[in-house]
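Please read all numbers here as calculations on a predicted model, not as lab measurements. Heads up: numbering here begins at 1 and tracks the sequence.
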Amino acid sequence: MTIFARAARRFALLAPIALLAVHPALAQEIAVPQSAPTPAPAPTALQTGDEVPWIYRGSDVPRDEEWLFGEMDNGLRYAVRRNGVPPDQASIRVRIDAGSLHETENERGYAHLLEHLLFRESKYLGTSEAIPTWQRLGATFGSDTNAETSPTHTVYKLDLPNIDAAKLEESMKLLSGMVREPVLSDTTVGAEVPIVLAEMRERGGAAQRSADASRATLFAGQRLATRNPIGTAETLQAATGRSVNAFHRRWYRPENTVIVAVGDLDPMLLAAQIEAKFGDWDVRGEPAPAPDFGDPVAPPGTDPANPVGETVVIVEPDLPRSLTYAALRPWRPVQDTIAYNQGLLRDSLAQALINRRLESRARAGGSYLYAQVRQDDISRSTDATFVSMAPLSDDWETALGDVRAVIADALATPPTEEEIDREIAEFEQVFESSVAERSVMAGGRLADDIVQAVDIREAVAAPETVLTVFRGMKDAITPQQILDHTRALFTGSVIRAAYVTPVAGEASEQELATALSAPVEPDGSARLTATTIAFDELPPIGEPGEVVRAGPIGVLDVERVDFANGVKALLWANDAEPGRVSVKVRFGGGYRAVDPAQAPYVRLGEMALISSGLGELGEEELDRISTGRKMGFDFSVDEGAFTFFAQTRAEDLADQLYLFAAKLDQPRWDPNPVLRAQAAARLAYESYATSPAGVLNRDLDALLRDGDPRFATPDLAALAATDPAGFRAFWEPLLAQGPVEVLIFGDFEREEAVAALARTFGALEPRGDLPEAVAARVPAFPDDVDTTIRYHRGDANQAAAVIAWPSGGGVEGLRESRQLEILVQLFNNRLFDAMRERAGASYAPVVRTEWPSDIAGGGRISALAQLQPEAVPIFFQEAERIADELATTPPAADELARVTEPLRQSISRASSGNLFWLYQLEGSTVDPRRIALLRSLLTDYSRTTPEAMMQLAQKYFGGRDGWRLAVIPEGAQLAEEIRPAKAPAIMQGR
């Protein structure tokens, strides 16, 4: 059962998107089109009564009664369900049981190419009409309209806002035309192949080469070894309309198709439309049998007791060291029974125990940065247990030996009852939260669960079933059972390994095989002791604070509570997201408060500040005290504030607040997390140069702020100048500086929250305002008119380009910043069309706007693309042309509607969630103008005129050249400039 099995295997469930009804503050601006329901024959293929739904055949997992399943005479299967999260949305998934593993040698890349071609032209959609059509229906391309190709399937995804019967019928018709009758001609194939090649180019480089080489070794002898979904340039360039059409006819058949529809509609209507649009789908001929994906087989002569087989050493000078080995077993379809899933849970407990021990060793300062064990069923090709690690130095053999020693101990001796109880408590909290949040699970997530279940040939289960099964077995789990499952996890037909290193000659394939074959002594030093820590044993923050002001802010039912020490809180208690409470703490000045000379400590702080502990609690104690609790501790540095964030629940809220407040009041300065962060930063730094994207990640933030070192990625020399003492000297005063704002939104009791705030944040020592010089800091925008150049050490056919213009910042400009989002989306659509259609110059150019509201400036509009080096001038030319056109010619009404309708729907859906309002209201205790500006939020984002857009473009683009950055291969020269009269100011960088 998919929810249970996947949650257990990966240990933590991603929290489903929780949403509420659209609040009247925005609902008054939303006009929902009403259409009369379109008559359709009642569905006839539903499996009702005693008939076992297709997904539960051979399974004793209790049915999730909210799902309805159907199987039509032509073999197509479907699943439908009513779901109102988010309101008025329908999520549709069309899954084809064909991916890259179904391709012949000459068809490599066809499954993915076909995914592209279905969006290019089909029965009901002309050339390149798919994206504009979905935009007119309110869907955003890339998030609401998308697709994916894996080794085993191709899935088309559509999330339709503002759904009604007429829009559902139209969407099903369009989807049926795409899937059943795409236009597959030499012309369409010839137009789309360059775009796919651009995608391939952008994915390439050292990381892709090492992944390909690793895959070829780990899955040697199986199709998976050579079937990357992106394909090869040779097979793609040889593709014709006829050859792609043959692939389509072979695999795009009703018996290979599953359609999932979840939405705020009658599920009988969803089923009726699926049957109406796909029921007459008939493909001539017998279905082709799926190819044999192959089994992992050890080479002849391998020792059955320790079947170490193929190994590979991959030398990539700019990649950090990493080592992966795997015990591989043949994959076989299973009977998805409760007993089977109980076994999966024991497997997952075994992995969690080992991973906790491996992490404990790494935290204490071991020979590796991280190590992890993970079991997974890979593409219906192998059931494998992977061990991944990052050696800290060239002494990879010691790191491998240390990791194997921890695993050897787990294979030799059962875990303690205390260790098992700790992991069981963690699992139980996850499953309990899933039950509590069931009513707010997003429809798209539910649809994806069905798709995943079909892909791995398993059933689905309701969260209540998962919890019931878990609770029914947890007391019967024994140390011997976990030992048995651990041993099974590390038993396989063959053991294979891949080692990535930046240094040639550091290791050989034979040395790697020998190291894996060598005996190892079990190391039990990382086993956890039975130490209990409780919150009521921790010292108080101080005397509980006094509330000096409390009252509504005038929006929603949000209340402001001020304490005598200056701490201010915003509270919104509501029960629309059962079991979930979002907490955010804003304090200090963020980047404004950073001394540029000490900027490297910012990056180290993002990695190590929380891990360095608080009060009596180090990293291990923080883990232990939160066992079985829903707690978090995310830290980030924003333009105008530092922030803590967590999603918790009512019963854990008081302790969550204690952790946050104690970090400010009682910071601990354990040096080990700092040293580990230094090591991680050093290992990562050189890898930035491997591709244009890496260089952008390293340099762009600082370059867009005129080289401001506060936003720069620290280089190796800067990292070498840091140490734990300097880390404390930097962060200790910042934790005590500036005002504190706490936001608590969700399912909690107001009085209990105020009392908890009084004991924690209200008990802090009074904090003053930010120094005036700090509060006034605004990053500059570069004024260079010549192109800045950076170099990468990746593939010679890779480059990137950025063009940017300054905008603004601050609360007073928020309304204009929202209108600017409309302008940027217009820009994005035009640039997307221009760059993709110019012989695939770029796969996915992006235009974005950033408007920091906490500071009075520092905003920017930027356009970015990855492309071939010779296409960099094309990008600059197209971007400048589009900016000039926007500033001189109003956009057409239809083009504007294609932007404003998706924005309207996106805001409407997002505004039904607590987090949306938290993000909109954060900072309003400092600047209450944010509250009044909520009234115009939806209007600002979705209502404008062509003339207003032109005027806005004139303000930000008119008569102004964009700042430009080109990232090109080392040793290359920038292609001919668009501004030939000016020589580029070449800035060396690697």
Fit a plane to each ring of Trp572 and Trp917, take the angle between them on a 0 to 90° scale, and name the class: parallel (under 30°), tilted (30 to 60°) or perpendicular (over 60°). perpendicular
With side chains defined as the heavy atoms from C-beta onward, is the minimum distance between Tyr956 and Ser807 less than 4.5 Å? yes
With the threshold set at 4.0 Å, does a side-chain nitrogen-carboxylate oxygen contact exist between Asp894 and Arg136? yes
Test item: side-chain donor near acceptor, Asn574 and Asn914, under 3.5 Å: yes
NZ/NE/NH1/NH2 to OD/OE distance under 4.0 Å, Arg930 and Glu922: no
Test item: Lys584 and Leu918 side chains (from C-beta on) under 4.5 Å apart, heavy atoms: yes
In terms of ring plane angle, is the pair Tyr843 and His116 parallel, tilted or perpendicular, where the classes change at 30° and 60°? tilted
Distance only, no hydrogens: is a donor on one side chain within 3.5 Å (strictly under) of an acceptor on the other, for Thr149 and Glu115? yes
Taking all heavy atoms of Ser176 and all of Phe278, pick out the closest pair and write down the distance. CA-CZ, 3.5 Å
Thr140 side chain near Thr145 side chain, heavy-atom distance below 4.5 Å: no
Arg586/Asp638 ion pair, N-O < 4.0 Å: no
May I ask you to check whether Trp805 and Phe957 place their ring centres under 6.0 Å from each other? yes
Check whether the side chains of Thr900 and Ser942 place a donor and an acceptor atom closer than 3.5 Å, and report yes or no. no
May I ask you to test the Arg943-Arg904 pair for a side-chain heavy-atom distance under 4.5 Å? yes
Regarding Glu816 and Arg818, does a basic nitrogen lie under 4.0 Å from an acidic carboxylate oxygen? no
Sort out for me which residue in Thr889, Leu886, Leu826, Leu820 forms a side-chain contact (heavy atoms from CB on, under 4.5 Å) with Met949. Leu826
Any side-chain heavy atom of Thr787 sitting closer than 4.5 Å to one from Leu965? no
Could you tell me whether Arg881 and Glu878 make a salt bridge, using a distance below 4.0 angstrom between a side-chain N and a carboxylate O? yes
Regarding Arg93 and Asp159, does a basic nitrogen lie under 4.0 Å from an acidic carboxylate oxygen? yes
Glu199 bridged to Arg203 by N-O distance under 4.0 Å: yes
Is the closest side-chain donor-acceptor distance between Lys277 and Gln273 under 3.5 Å? yes
Between Glu192 and Arg836, does any NZ, NE, NH1 or NH2 come within less than 4.0 Å of an OD or OE carboxylate oxygen? yes
Between Ser171 and Glu169, do the side chains contain an N or O donor and an N or O acceptor separated by less than 3.5 Å? no
Quick check: are there more than 12 heavy atoms from other residues, nucleotides or ligands sitting under 6.0 Å from CZ of Arg82? yes
Begin from the C-alpha positions of Asn829 and Val899 and carry the test side chain to side chain contact (heavy atoms under 4.5 Å, CB included) through to its verdict. CA-CA 9 Å; Asn829 283 351; Val899 168; 3.6 Å; yes
Taking 4.0 angstrom as the limit, do Glu821 and Arg848 come out as a salt bridge? no
Considering all heavy atoms of both residues, which atom of Val637 and which atom of Tyr591 are nearest to each other, and what is their separation? O-CE1, 3.4 Å
Considering all heavy atoms of both residues, which atom of Val260 and which atom of Ile450 are nearest to each other, and what is their separation? CG2-CG2, 3.5 Å
Would you say the side chains of Arg964 and Thr788 form a donor-acceptor pair under 3.5 Å? no
Cationic N near anionic O, under 4.0 Å, Glu170 to Lys173: yes
